[in-house]
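Below you'll find the structure, written out as structure tokens, and then a few comments.
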Amino acid sequence: MTLRNLIIGMMMAAPALQAATPVYLDESKPLEDRVEDALSRMTLEEKVAIIHAQSKFSAPGVPRLGIPELWTTDGPMGVRPEVLWDEWEQAEWTNDSCTAFPSLTCLAATWNPEMAKLYGKSIGEEARFRNKSVLLGPGVNIYRTPLCGRNFEYMGEDPYLASRMVVPYVNGVQDNGVSVCVKHFALNNNEINRHTSNPIVDDRTLYEIYLPAFKAAATEGNAWSFMGGYNLFRGQHASYNPILMNDILKGEWGWDGAVISDWGAVHDTKSAVEGGLDMEFGSWTDGLAGGASNAYDNYWLAKPYLKGIQDGTYSEEQLNDKVRRVLRLTMRTAMDRNRPWGSMVSDEHKAACRQIGGEGIVLLQNKNNLLPVNTDKVKKIAVIGENAIKMMTVGGGSSSLKAKYEITPLDGLKARLGDKAEIVYARGYVGDPTGEYNGVVTGQNLEDPRSPEELAAEAEKVAREADIVLFFGGLNKSGHQDCEDTDRLGLELPYGQDALIERIVAANPNTAFINISGTGVAMPWASKVPAIMQAWYLGNETGNAIADVISGDVNPSGKLPYTYYATLDQCGAHKLGAYPGTPGVDVLGNEVMDMPYNEGIYVGYRFIDKNKLKPTFPFGHGLSYTTFEYGKPTVSKSVMTPDETVTVSVPVTNTGSRSGQEVVQLYIRDLKSSVDRPVKELKGFEKVDLAPGQTKVVHFEIGKDALSFFDADRHEWVAEPGKFEAVIGASSADVRGSVPFTLK
């Protein structure tokens, strides 16, 4: 055959070759057609293989059909370094460092959906660059108790705030062809006894407090995967809980994504099959104990499941639903040829980290305008506390990161203010001197042989000789602090910090306390310390972001996403004796810890309002270096019908001398109801940027959804006719005005 005839033959054969191309490889075809085509070509063994892990963080795909592996990675604040195939030990790559972004409590504290979109976009780009298909995050469990060791991974105590912040995060990640895995669905609100904790929650509380953020991620954000929790719900494990997964997530919400188990959260085949689980990761079944290799076929959804299908215990159609969901997830991610390439530790990601951190920092107190530091008057700055020098990107559980770099608060302050003022450092106390977690090493050695008294005496002397003291204290990511798998043991500061702060402020009343933590702490000395700042865990750019705010380069605009309790008795979960639970049994007769949610819907500021308590700082609180004046709120109509909306408007003016951002908060009060309702509930917020003297009018659209409560008997949301009040506040406690309206 001549070359010419060969070419002609190939051209004539091209249509036939094209027709033979599997539909599932043709991205121009509808997604569901591609899923069904791939499913029809798979053997039973391939179907079972695709729904469980083949390594610590991957599932196998279908090599015979060219369906790629599905790789997951821990988030939600950075891309986890690589580990060995079968072990948790580090793979010791030299190119798997990442950008460590601020904690999600910091993100929530920005009260800015644009920051959430930037966060998701940035972390999604890093996951895509590392060729990951699923980012295990974000977390949107509700901050029910300040002792929860994982609060720093979540978005605060209010379901509305968490809902508005999670959707743009999801969109930002998934725009990169990387799926989020929203977690931990649902009621993973404590780490103590997390594998046996059995929350007992009524339907109204479940739907009003603990589900809204998940629903927003599923129905508005179109999240492609969800992760169940280790905990139980009504006696059945959350990762395959039929009420949560089948009835609510896949049923009521019509969600088409894949449910992924938490690592080691599966305990038997029958429950996993029937309870709505689609993919199993990290189980410790026979053969895997002790880290044995190639034991993934022993997972509950592996050979035991295959055998059950073959002997008729389970139907293949039930398996097909799981496989469809996994194929859908794979085609949206690993098989998307058009997804962008991503980037890693880019200048844009560094800038995003710094911007989000600066915008999330909350100025809690600022008597006598101690901050920002005025270097025209301040010539000597005392920096005190271990958290000024301790790297925080390592530790805390699965969120521990191998950051490319980390700028400490002391280094950030020296870089920004060191040429204008003398900066002197004193340790003050020794907390956790280690710099290693799960094989990731910071290189820091913070061991100090001096006694607590020697350290305190040095700090006191340094404080007395300075013009201003910046005390960097709080928590860290060690066990029983901000750390997965443990809860805090109390609300007080660790390592004797309370006594040290009293001593420092006595030596120098010009003291600012900068709290590094992901959750609230008791502050019995708050009335004596003029300036207090909540600075979170801020990732790579920690020092720069803090220095931006302390120097005044950035005007603080963060607001608390949770209540800062003065004592644990101000928290309903503790006051009503519901934490940490009492012994009980699950539906299979296994021992569990029953945890009645006795406070019901009265979580956070709802409990504070109901009982007329005064916390150290209220939900939504945060100060600025400028001042804002609110005008009188108005409504577009005084009477609305259920199919109408009413517009609430309020003018806000910057009455200070600096540009700044203010978070205007809208709460709704039901003045008369057939059921017990909170004093008020957050139903809107907007962050406005105002120049000195500038006024902007903020508008909120209110529909019947904002007026509704969940009627458990009818299993539906109900907006009762009657009188309501739109309450405008700078925080849940700082009410600036209100206006009534009526629902017909």
Side-chain angles (χ1 to χ4, degrees), residues 76-77 100-120 138-143 146 148 150-166 168-169 213 352-366 371 392 399 474-475 482 513-521 523 532-539 541-542 545-546 548-550 554-565 604-605 615-625 660-665 682 685-689 729-734:
M77 293 166 285
F101 293 94
S103 65
L104 291 191
T105 42
C106 174
L107 175 61
T110 68
W111 289 61
N112 188 346
E114 291 181 6
M115 289 298 99
K117 183 67 179 287
L118 175 64
Y119 197 122
V140 291
N141 291 101
I142 292 297
Y143 181 121
C148 177
R150 222 160 178 178
N151 277 340
F152 71 102
E153 292 189 46
Y154 300 145
M155 295 189 182
E157 73 182 31
D158 184 76
Y160 182 84
L161 174 62
S163 297
R164 294 308 93 213
M165 296 299 288
V166 70
Y169 180 110
C353 181
R354 187 169 181 169
Q355 182 181 3
I356 294 165
E359 194 163 323
I361 289 173
V362 183
L363 183 62
L364 297 172
Q365 188 163 284
N366 196 25
L371 296 176
M392 294 289 191
S399 65
L475 308 178
D482 281 319
F513 178 73
I514 297 92
N515 189 53
I516 308 292
S517 75
T519 186
V521 300
M523 294 182 175
I532 302 173
M533 183 180 288
Q534 177 65 37
W536 318 108
Y537 303 113
L538 301 180
E541 292 287 325
T542 293
I546 290 174
D548 287 342
V549 175
I550 286 178
V554 169
N555 193 346
S557 62
K559 299 271 188 174
L560 287 176
Y562 55 75
T563 301
Y564 231 94
Y565 301 109
Y605 69 88
T616 306
F617 301 107
F619 171 80
H621 171 73
L623 303 178
S624 171
Y625 294 149
Q661 293 177 291
E662 173 68 339
V663 178
V664 184
Q665 300 161 43
L682 182 72
F685 63 87
E686 185 170 336
K687 196 164 196 174
V688 290
D689 198 337
S731 78
S732 62
D734 185 2

Query - Chi angles and distances behind the side-chain contact (heavy atoms from CB on, under 4.5 Å) call for Phe619, Thr563 - result: CA-CA 4 Å; Phe619 171 80; Thr563 301; 3.8 Å; yes
Requested in this report: State which residue, out of Trp536, Tyr119, Phe101, Phe152, fulfils the side chain to side chain contact (heavy atoms under 4.5 Å, CB included) condition with Cys106.
Outcome: Trp536
Report task. Could you grab the distance from atom OH of Tyr143 to atom CG of Asn151, nearest 0.5 Å is fine? Result -> 5.5 Å
Query raised in the report: In Å, rounded to the nearest 0.5 Å, how long is the span from CG of Asp158 to CD1 of Ile142?
Result: 7.0 Å
Report task. Go through the steps for Tyr169 and Val140 under the test side-chain contact (heavy atoms from CB on, under 4.5 Å), then give the verdict. Result -> CA-CA 11 Å; Tyr169 180 110; Val140 291; over 6 Å; no
Query raised in the report: Of the non-hydrogen atoms in Pro618 and Ser732, which two are nearest, and what is the gap between them?
Result: CB-OG, 3.7 Å
Report task. May I ask you to check whether Glu662 and Ser624 show a side-chain donor-acceptor distance below 3.5 Å? Result -> no
**Report entry** CE-CG distance between Met392 and Asp482, expressed to the nearest 0.5 angstrom
**Finding:** 9.0 Å
Query raised in the report: About how many Å separate CG of Leu104 and CE of Met77, when rounded to the nearest 0.5 Å?
Result: 5.5 Å
Requested in this report: Quickly, which of Leu364, Leu371, Val362 forms a side chain to side chain contact (heavy atoms under 4.5 Å, CB included) with Ile532? Name it, please.
Outcome: Leu364
Query raised in the report: Is there a donor-acceptor contact under 3.5 Å linking the side chains of Asn366 and Tyr625?
Result: no
Query - Distance (rounded to the nearest 0.5 Å) between Trp111 CH2 and Glu359 CD - result: 13.5 Å
Query - From CE (Met115) to CE (Met165), nearest 0.5 Å - result: 9.0 Å
Report summary line: Smallest heavy-atom separation, Pro102 atom then Ile356 atom, equals CG-CG2, 4.1 Å
Query raised in the report: Hey, are the side chains of Met155 and Leu161 touching, using non-hydrogen atoms and a 4.5 Å cut-off?
Result: no
Requested in this report: Apply side-chain contact (heavy atoms from CB on, under 4.5 Å) to the pair Phe617 and Met523, showing each step before the final yes or no.
Outcome: CA-CA 10 Å; Phe617 301 107; Met523 294 182 175; 4.1 Å; yes
Query - Asp548 vs Ile361 side-chain heavy atoms within contact, under 4.5 Å - result: no
Report summary line: Nearest heavy-atom contact between Ala535 and Ile516 is CB-CD1, 3.7 Å
Report summary line: Tested for side chain to side chain contact (heavy atoms under 4.5 Å, CB included) against Lys559, the lone hit among His621, Lys687, Gln665 is Gln665
Requested in this report: Please confirm whether the backbone N or O of Thr519 pairs with a side-chain atom of Ser517, one donor and one acceptor, at under 3.5 Å?
Outcome: yes
Query raised in the report: What closest approach, in Å, do Ala108 and Pro561 show between heavy atoms, and which atom pair accounts for it?
Result: CB-CB, 3.8 Å
**Report entry** Main-chain N/O of Leu682 paired with Tyr605 side-chain donor or acceptor, under 3.5 Å
**Finding:** yes
Report task. Locate the shortest heavy-atom distance separating Thr105 from Gly518; write the atom from each residue and the value. Result -> CG2-O, 3.4 Å
Query raised in the report: Taking C-beta and beyond as the side chain, do Phe685 and Pro113 meet within less than 4.5 Å on heavy atoms?
Result: yes
Report task. Could you pull out the closest heavy-atom pair between Pro76 and Pro138, with the gap in Å? Result -> CB-CA, 3.7 Å
